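Being a predicted model, the structure only gives us computed values, none of them experimental.
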Amino acid sequence: MNSYLKAFGNLFELGFKLSEYPFLVDQSDDNDMCPSFHFELDSAYYILWVDHCAVEKREDESNCRYTVVEAENLGDDEYPELQTKAGPALVELEAVADIVLYLNELKSRFSAVQVNH
């Protein structure tokens, strides 16, 4: 079972199929306000936060449902311990269609990197 399901329950809806994006690593913890997934691209780490689809269930109703931020690795490459870097969000999206487009673009970038190696 995925960490986000353990921490936030079987009814939490991501809005996308996690299995379609194998580069997303589930790092969700029940101490967080919502599920989170990290990925590494171009030697940098990022965290995707996925909030509740219902605005009234969000801890901060002004937050978008999907937020991507830069992350700082306090661990090592084998066992990353990521936390959000100070600074503005890189991507803030509300609609499921928008996050799917964004994730598909990332998936294409990961595929291109694998082909070139």
Side-chain angles (χ1 to χ4, degrees):
M1 177 180 273
N2 292 319
S3 296
Y4 86 91
L5 292 173
K6 289 179 190 172
F8 297 94
N10 290 332
L11 298 178
F12 193 95
E13 181 57 48
L14 295 176
F16 59 88
K17 291 183 182 179
L18 186 58
S19 61
E20 292 183 13
Y21 306 101
F23 56 88
L24 291 177
V25 178
D26 188 351
Q27 65 172 36
S28 303
D29 186 283
D30 56 4
N31 289 324
D32 293 330
M33 2 181 247
C34 58
S36 63
F37 307 87
H38 77 263
F39 59 96
E40 183 181 1
L41 185 63
D42 300 329
S43 300
Y45 286 99
Y46 303 90
I47 299 173
L48 165 64
W49 293 93
V50 180
D51 217 326
H52 291 274
C53 58
V55 175
E56 64 275 4
K57 289 186 175 184
R58 298 177 191 170
E59 188 168 304
D60 182 343
E61 292 182 7
S62 68
N63 287 346
C64 285
R65 183 170 182 199
Y66 304 102
T67 304
V68 177
V69 296
E70 273 192 272
E72 181 177 15
N73 185 6
L74 303 177
D76 57 32
D77 288 338
E78 188 174 354
Y79 300 104
E81 294 178 35
L82 303 176
Q83 73 176 32
T84 299
K85 273 188 178 179
L90 301 175
V91 176
E92 293 178 298
L93 304 166
E94 189 61 39
V96 169
D98 292 335
I99 194 62
V100 169
L101 281 172
Y102 178 80
L103 291 173
N104 285 337
E105 288 174 15
L106 284 176
K107 190 166 146 178
S108 294
R109 288 183 68 187
F110 281 103
S111 295
V113 168
Q114 290 175 351
V115 167
N116 292 327
H117 282 81

Any idea how Phe12 and Phe8 line up, ring-wise: parallel (<30°), tilted (30 to 60°), or perpendicular (>60°)?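 Rings of Phe12 and Phe8: tilted, as their planes differ by 30° to 60°.
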Cation-pi between Lys107 and Phe23: NZ/CZ under 6.0 Å from ring centre and within 45° of the ring axis?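 Ring-cation test returns no.
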Pairwise side-chain contact, [X] with [Y], heavy-atom cut-off 4.5 Å (strictly under):
X: Glu61; Y: Glu56; value: yes
X: Leu74; Y: Glu72; value: yes
X: Leu103; Y: Phe16; value: yes
X: Phe110; Y: Phe39; value: yes
X: Trp49; Y: Val68; value: no
X: Val91; Y: Tyr102; value: yes
X: Leu48; Y: Leu24; value: yes
X: Asp30; Y: Tyr4; value: no

Donor-acceptor pair, distance only, cut-off 3.5 Å: does the side chain of [X] make one with the backbone of [Y]?
X: Asp32; Y: Cys34; answer: no
X: Asp26; Y: Ser3; answer: yes
X: Thr67; Y: Glu92; answer: no
X: Asp76; Y: Tyr79; answer: yes

Taking every non-hydrogen atom, the tightest pair across Arg65 and Gly15: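 Closest pair (atom of Arg65, atom of Gly15, distance): NH2-N, 3.8 Å.
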Grab the two heavy atoms, one from Val69 and one from Leu90, that are nearest each other, plus how far apart they are.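 Here Val69 and Leu90 meet closest at C-CD1, 4.2 Å.
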Find out if a path of hydrophobic residues (ILVMFWY) with successive side-chain heavy-atom gaps under 4.5 Å connects [X] to [Y].
X: Leu101; Y: Val50; result: no
X: Val25; Y: Phe37; result: no
X: Ile99; Y: Val55; result: no

If you round to the nearest 0.5 Å, how far is [atom2] of [Y] from [atom1] of [X]?
X: Leu93; Y: Tyr66; atom1: CG; atom2: OH; result: 9.0 Å
X: Glu13; Y: Cys53; atom1: CD; atom2: SG; result: 7.0 Å
X: Asn2; Y: Ser28; atom1: CG; atom2: OG; result: 8.5 Å
X: His38; Y: Asn73; atom1: NE2; atom2: CG; result: 8.0 Å
X: Leu106; Y: Tyr46; atom1: CG; atom2: OH; result: 9.5 Å
X: Lys57; Y: Met33; atom1: NZ; atom2: CE; result: 16.0 Å

State which residues pass salt bridge (charged side-chain N to carboxylate O under 4.0 Å, His left out) with Glu94; sequence neighbours excluded, sorted by chain then number.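 Glu94 satisfies salt bridge (charged side-chain N to carboxylate O under 4.0 Å, His left out) with Arg58 once adjacent residues are dropped.
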Taking salt bridge (charged side-chain N to carboxylate O under 4.0 Å, His left out) as the definition, give me every residue that meets it alongside Glu70, ordered by chain and number, with sequence neighbours left out.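 Partners of Glu70 by the salt bridge (charged side-chain N to carboxylate O under 4.0 Å, His left out) criterion, ordered by chain and then number, come out as Lys85.
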I'd like to know if Arg109 pairs up with Asp42 as an ion pair, taking the criterion as any Lys NZ or Arg NE/NH1/NH2 lying under 4.0 Å from an Asp or Glu carboxylate oxygen.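 Salt bridge present between Arg109 and Asp42.
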State which residues pass side-chain contact (heavy atoms from CB on, under 4.5 Å) with Ala71; sequence neighbours excluded, sorted by chain then number.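 For Ala71, the residues satisfying side-chain contact (heavy atoms from CB on, under 4.5 Å) (neighbours in sequence not counted) are Tyr45, Ile47, Leu82.
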